[in-house]
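For reference, the structure discussed in these notes is given below.
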Amino acid sequence: MEKSYKFKKAERLCSTAQIEELFNEHETLFKFPFKLVWRKIEKERKHPVQLSISVGKKRFRNAVDRNYMKRHIREAYRLNKHIVLDHCNGFSIDMMLIYVDTKLRSFVDIEPSMKDVLNKLAKEISNIES
RNA sequence: AGAGAAGGUCAUUCUAUCGCUGGUUACUAUAGGUAACGAGAGGAAAGUCCGGGCAGCGCAGAACGCUACACUUCGUAACUGGAAGGUAUUCGUGAGAGUAUGGUAAGGUAACAGAGAAUAACCGCCACUUAGGUGGUAAGGGUGAAAAGGCGAGGUAAGAGCUCACCAGUGUUUUAAGUGAUUAAAAUAGCUGUACCACAUGUAGGCUGCAAGACCAUGUAUAUCAGUGUUUGAGGUCUGUUCGGCCGAUACUGAGGGGUAGGUUGCUAGAGAUUGAAAGUGAUUUCAAUAGUAGAUAAAUGAUAGAAGCUCCUUUUGGAGAACAGAACCCGGCUUAUCGACUCUCUCUUUUU
């Protein structure tokens, strides 16, 4: 499978209804500094994984800092999303990634922990299937 | 050269790779496709403190109340903001900066200290009387942010604007200058504190904000209407009852109002921007030319690597740093945050000529 590093709007979780559903019925996975809320959907889609990123207003007061973290997280996901995508055969996943730390981190700090989170998720998915 | 004051300008740049959001074109052929080209973060985008546009709702008219503001002239779409100017006062050697400017007639408050904060007697001075006390006195002392214009002479028991000269201040009048606030000079009057408040007068303000508002509308349920169907006819109605007539729950089909998810619009050509010229001390205005220059919506404008310049530390290499901060309908201001760099006009100090 060819690896694509794109992250278009189709791969994002935008609809309010979808997000509400996700929070009504979800599984949680915690790996510092991320909290991952996800849900499995028994349906095949063109883009199997839809993600949304959240950085709390309480943790970062300034809009500049929130944007900075979001952009770094998005970048890290974009480069490593294939870890999860490779496991999605015949179903889809909605998920929301919440940043829970209170300090700013650079891209270099973020990328390894992003890999950890996605690997953990991939393991859980394969457990369910088997 | 150093230390400052007021105003203005800028807010690192470039390359490569991987991406994001709109736009245009082309191609698939309809999906939050694919490709190419070009665009994409501020001086405060911030606070949401004033003023306006725009939109909805409200609205005979008048008065009271509430809130804000209060010197003059100018300027503006508008303003409680801005520009220029005036007076008083505080700070600073100075360039300058801050604050205030209805408050008159009558009224209230002025901590602590101090005898006393506005019809002042603690010490002192003078007179009378003599342990004590009574009266006069604002020259001197002490307290205080502030002590009843200053200083000299006369005068007096001692003193005192009690009287006089000079000076400061206030009111009134006249003349001169200025569009005006006001300033200058002269005359004259009384003999003179300051700040704040109650209070009064004038002016302005209807309320809500683009999550305003307008439009489209899948699915689901459904008001209403039309048609069809049923040997279903609950129930209602016409009369006191029966028969009979009429309407009709329900089912299907179509129309259909409102409207959820979602989408479109509002939405970026504007009291616009840049450059130049002219008018004006200035805010600003007028004219000409130029280019087309963000529009997201769980919310784009990014990441990585390298190079150059700047600042600081080491001084050979090298190392560290770059602030405050992110559009959310759009403008004009104000306020607050801010690493630094540049520029122009001034002030003070020192050195040299």
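Convention: sequence-line order gives letters A, B, ...; per-chain numbering from 1.
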remark   = Residue set satisfying ring pair (Phe, Tyr, Trp, His ring centres under 6.0 Å) with F60(A), at least two apart, ordered chain then number -> none
When the [atom1] atoms of [M] and [N] are compared, how many Å lie between them, rounded to an integer?
N: G38(B); M: A26(B); atom1: C1'; result: 15 Å
N: G107(B); M: U93(B); atom1: P; result: 44 Å
N: G321(B); M: A36(B); atom1: P; result: 38 Å
N: G114(B); M: G142(B); atom1: C1'; result: 9 Å
N: A323(B); M: G302(B); atom1: P; result: 15 Å
N: A271(B); M: G332(B); atom1: P; result: 9 Å
N: U284(B); M: A322(B); atom1: C1'; result: 38 Å
N: U304(B); M: G309(B); atom1: P; result: 23 Å

Can you sort out the partners of [X] under side chain to side chain contact (heavy atoms under 4.5 Å, CB included), two or more places apart, ordered by chain and number?
X: L79(A); result: Y5(A), F107(A), E111(A)
X: K123(A); result: none
X: N62(A); result: D65(A)

To the nearest Å, give me how far apart [atom1] ([X]) and [atom2] ([N]) are.
X: N80(A); N: A303(B); atom1: CG; atom2: P; answer: 17 Å
X: F60(A); N: A46(B); atom1: CZ; atom2: P; answer: 21 Å
X: M69(A); N: A298(B); atom1: CE; atom2: C1'; answer: 17 Å
X: R74(A); N: A298(B); atom1: CZ; atom2: P; answer: 14 Å
X: E111(A); N: A303(B); atom1: CD; atom2: C1'; answer: 10 Å
X: I73(A); N: C20(B); atom1: CD1; atom2: P; answer: 18 Å
X: I53(A); N: C20(B); atom1: CD1; atom2: P; answer: 13 Å

query = Has K35(A) got more than 12 heavy atoms of other residues, nucleotides or ligands less than 6.0 Å from its NZ?
reply = no
Side chain to side chain contact (heavy atoms under 4.5 Å, CB included) evaluation trace for M114(A) with F34(A) = CA-CA 8 Å; M114(A) 175 61 74; F34(A) 294 112; 4.3 Å; yes
Going by the glycosidic torsion and a 90 degree boundary from 0, is the base of [N] oriented syn or anti?
N: G180(B); answer: anti
N: G257(B); answer: anti
N: G94(B); answer: anti
N: G8(B); answer: anti

Any strand counts, and the cut-off is 3.5 Å on both contacts for Watson-Crick or G-U wobble. Which nucleotide pairs with [N]?
N: G103(B); value: none
N: U182(B); value: A177(B)
N: A277(B); value: U286(B)
N: G161(B); value: none
N: A84(B); value: U72(B)
N: A35(B); value: U25(B)
N: A117(B); value: none
N: G270(B); value: none

Pick out the pairs of N or O atoms, protein on one side and nucleotides 321-328 of chain B on the other, that lie under 3.5 Å.
from: G326(B); atom 1: OP2; to: A63(A); atom 2: N; distance (Å): 3.4
from: G326(B); atom 1: OP2; to: V64(A); atom 2: N; distance (Å): 3.4
from: G326(B); atom 1: O6; to: R71(A); atom 2: NH1; distance (Å): 3.4

inquiry  = Let's test your reading of the model: under 3.5 Å, does the base of C20(B) pair with the side chain of R78(A) as donor and acceptor?
reply    = no
note = Closest non-hydrogen atoms of V37(A) and I98(A), given as atom of the first, atom of the second and distance, are CG2-CD1, 4.4 Å
Heavy-atom closest contact (K120(A) atom, F30(A) atom, distance) = NZ-O, 3.1 Å
message = Using a 4.0 Å heavy-atom cut-off, does R66(A) contact any base of the nucleic acid, only the sugar-phosphate backbone, or nothing at all?
response = nothing
query = For Y68(A), which residues count as a side-chain hydrogen bond (donor to acceptor under 3.5 Å, both in side chains) partner, sequence neighbours excluded?
reply = none
key: E75(A) or K70(A), whichever maps to the more 5' nucleotide of RNA chain B   = K70(A)
